[in-house]
Amino acid sequence: MATVEPKLILLFSGKRKSGKDYVTDLIHQRLGPDVCCILRLSGPLKQQYAQDHGLDFDELLGAGEYKEKYRADMIQWGEKQREKDPGFFCRVAIKEAQQPIWIVSDTRRLSDLQWFWREYPSQSRCVRVEASEETRRERGWEFTTGIDDAESECGLDQGVDFDWIIKNEGDGSQLEEQLATGLLSIAKEKVKED
């Protein structure tokens with residue numbers, strides 16, 4: 001487990017190309033690296049997958065064709081790992097966290113949320129990033145059978161009461177306003193608490 005008890009954990013989910021990384025990077029910039037860290041559940045998964053399959057870990061972390069080439073198989077491999085131990089990737093992801101606010105940029109399954117709710121019930125908040133299919137297409141998204149209809153993309157589409165839903169469309173002016181009046185103000189309050 002992490003060596004520091006977090007004051008707030010923001011669990012982000014959203015479809016491919018909805019802008020989860022953009023939004024979480026923006027929050028990280030606003031709050032600063034002393035206050036918050038970005039944790040990725042896919043990082044430990046990709047690292048182990050790369051090791052087991054003799055692949056380039058850094059390329060799997062990127063947003064390019066290399067990752068897309070292995071995505072479907074990596075998803076299936078990750079599901080098998082989760083069946084054995086649903087909290088494995090969560091525990092590895094938080095191991096080095098030291099800041100009072102954790103941003104988990106890629107929660108994709110109910111089992112991920114359930115693990116954080118069980119381990120950190122009072123600190124965990126669910127955030128959904130949404131963008132229209134048109135906006136996602138402009139960002140390079142194209143529906144892919146076996147990926148966009150898999151649990152890793154659809155597992156949190158229903159049955160979750162999100163604490164915040166962030167609309168990430170267009171030029172970002174609405175995004176700034178949504179963050180300023182919601183997540184950022186609450187995060188700053190949590191940091192001030194003793």
Side-chain angles (χ1 to χ4, degrees), residues 1-14 18-51 57-58 60-61 78-130 151-152 155-166 168 175-194:
M1 291 296 225
T3 57
V4 172
E5 187 78 6
K7 293 184 177 189
L8 178 65
I9 304 171
L10 299 172
L11 302 164
F12 278 81
S13 68
S18 63
K20 297 179 298 292
D21 286 334
Y22 177 77
V23 172
T24 56
D25 287 346
L26 195 58
I27 293 169
H28 185 256
Q29 289 169 7
R30 298 291 187 275
L31 295 175
D34 293 337
V35 171
C36 75
C37 59
I38 295 178
L39 307 174
R40 290 182 170 85
L41 301 180
S42 62
L45 184 152
K46 290 174 184 174
Q47 186 171 25
Q48 191 64 51
Y49 180 82
Q51 187 177 338
F57 172 59
D58 292 326
L60 288 177
L61 288 176
E79 294 305 328
K80 288 177 185 169
Q81 302 306 312
R82 280 185 178 85
E83 285 174 16
K84 294 180 212 168
D85 180 0
F88 175 77
F89 297 118
C90 298
R91 283 192 307 279
V92 174
I94 69 166
K95 196 165 41 172
E96 304 296 322
Q98 298 291 316
Q99 296 86 337
I101 297 178
W102 300 353
I103 299 171
V104 182
S105 67
D106 59 351
T107 50
R108 296 181 174 277
R109 291 160 189 80
L110 189 56
S111 61
D112 297 336
L113 293 179
Q114 289 169 335
W115 186 86
F116 280 98
W117 291 336
R118 185 174 53 254
E119 299 297 323
Y120 301 98
S122 65
Q123 299 102 317
S124 297
R125 303 290 180 276
C126 297
V127 185
R128 183 72 165 188
V129 178
E130 294 183 346
E151 183 185 7
S152 61
L156 300 178
D157 287 355
Q158 298 174 355
V160 177
D161 290 327
F162 292 100
D163 297 288
W164 290 281
I165 296 176
I166 295 174
N168 186 20
L175 177 61
E176 288 285 345
E177 184 179 322
Q178 291 175 78
L179 294 179
T181 59
L183 290 176
L184 291 174
S185 62
I186 288 174
K188 289 173 183 174
E189 286 174 24
K190 288 286 185 186
V191 170
K192 290 178 187 176
E193 291 178 2
D194 287 328

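Position 1 is the first residue of the sequence; numbering continues from there.
By the ring-ring contact (aromatic ring centres under 6.0 Å, His included) test, Phe116 pairs with no residue at all, sequence neighbours left out. By the side-chain hydrogen bond (donor to acceptor under 3.5 Å, both in side chains) test, Arg108 is found to be paired with Glu153, residues two or more places apart in sequence or in another chain being considered. Annotation: side chain to side chain contact (heavy atoms under 4.5 Å, CB included) contacts of Glu151 (sequence neighbours excluded): Glu79, Arg109. Judged as a side-chain hydrogen bond (donor to acceptor under 3.5 Å, both in side chains), and not counting sequence neighbours, Asp163 has no contacts. Taking Asp161 as the reference, nothing meets the side chain to side chain contact (heavy atoms under 4.5 Å, CB included) condition, with sequence neighbours excluded. In this structure Arg30 satisfies the side chain to side chain contact (heavy atoms under 4.5 Å, CB included) test together with Leu26, Glu176, Leu184, sequence neighbours excluded. Applying the side chain to side chain contact (heavy atoms under 4.5 Å, CB included) rule to Ser18 yields the partners Lys20, Val129, Ala131; only residues at least two apart in sequence or on another chain are considered. Annotation: salt bridge (charged side-chain N to carboxylate O under 4.0 Å, His left out) contacts of Glu189 (sequence neighbours excluded): none. Every residue meeting the side-chain hydrogen bond (donor to acceptor under 3.5 Å, both in side chains) condition with Gln123, not counting sequence neighbours, appears here in chain and number order: Glu5. For Asp85, the salt bridge (charged side-chain N to carboxylate O under 4.0 Å, His left out) partners two or more places apart in sequence, or in a different chain, are Arg91. Residues forming a side-chain hydrogen bond (donor to acceptor under 3.5 Å, both in side chains) with Glu130 (at least two apart in sequence, or on another chain): Lys167.
Note that CZ of Phe89 is 15.0 Å distant from OG1 of Thr107, once rounded to the nearest 0.5 Å. Of the inter-residue distances, the one linking Lys188 atom NZ with Ile101 atom CD1 reads 10.0 Å to the nearest 0.5 angstrom. The distance from atom CD of Gln51 to atom CD of Gln47, rounded to the nearest 0.5 Å, is 7.0 Å.
Counting heavy atoms from C-beta outward, Leu11 and Asp112 have side chains that stay 4.5 Å or more apart. Side-chain contact between Leu10 and Val104 is absent, with no heavy atoms from C-beta onward closer than 4.5 Å. Annotation: side chain of Phe12 is not in contact with side chain of Asp21 (no heavy-atom distance under 4.5 Å).
Only one option out of Leu113, Ile9, Leu8 pairs with Ser124 in a side chain to side chain contact (heavy atoms under 4.5 Å, CB included); it is Ile9.
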With a 3.5 Å cut-off and sequence neighbours excluded, list the donor-acceptor pairs that the side chains of residues 31-46 form with protein atoms.
unit_1: Ser42; atom_1: OG; unit_2: Asp106; atom_2: OD2; d: 2.7
unit_1: Lys46; atom_1: NZ; unit_2: Leu60; atom_2: O; d: 3.4

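The minimum heavy-atom distance linking Pro6 with Tyr120 is given by the pair CD-CE2, 3.6 Å. For Ser185 against Gly182, the heavy-atom pair with the smallest separation is OG-O, 2.9 Å. Looking at every heavy atom in both residues, Trp115 comes nearest to Gly87 through CD1-CA, 3.6 Å. Smallest separation of non-hydrogen atoms from Ser122 and Arg125: O-NH1, 3.0 Å.
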Worksheet item: Between Arg128 and Asp157, is a side-chain contact (heavy atoms from CB on, under 4.5 Å) present by the stated rule, with each step listed?
Response: CA-CA 10 Å; Arg128 183 72 165 188; Asp157 287 355; 2.6 Å; yes

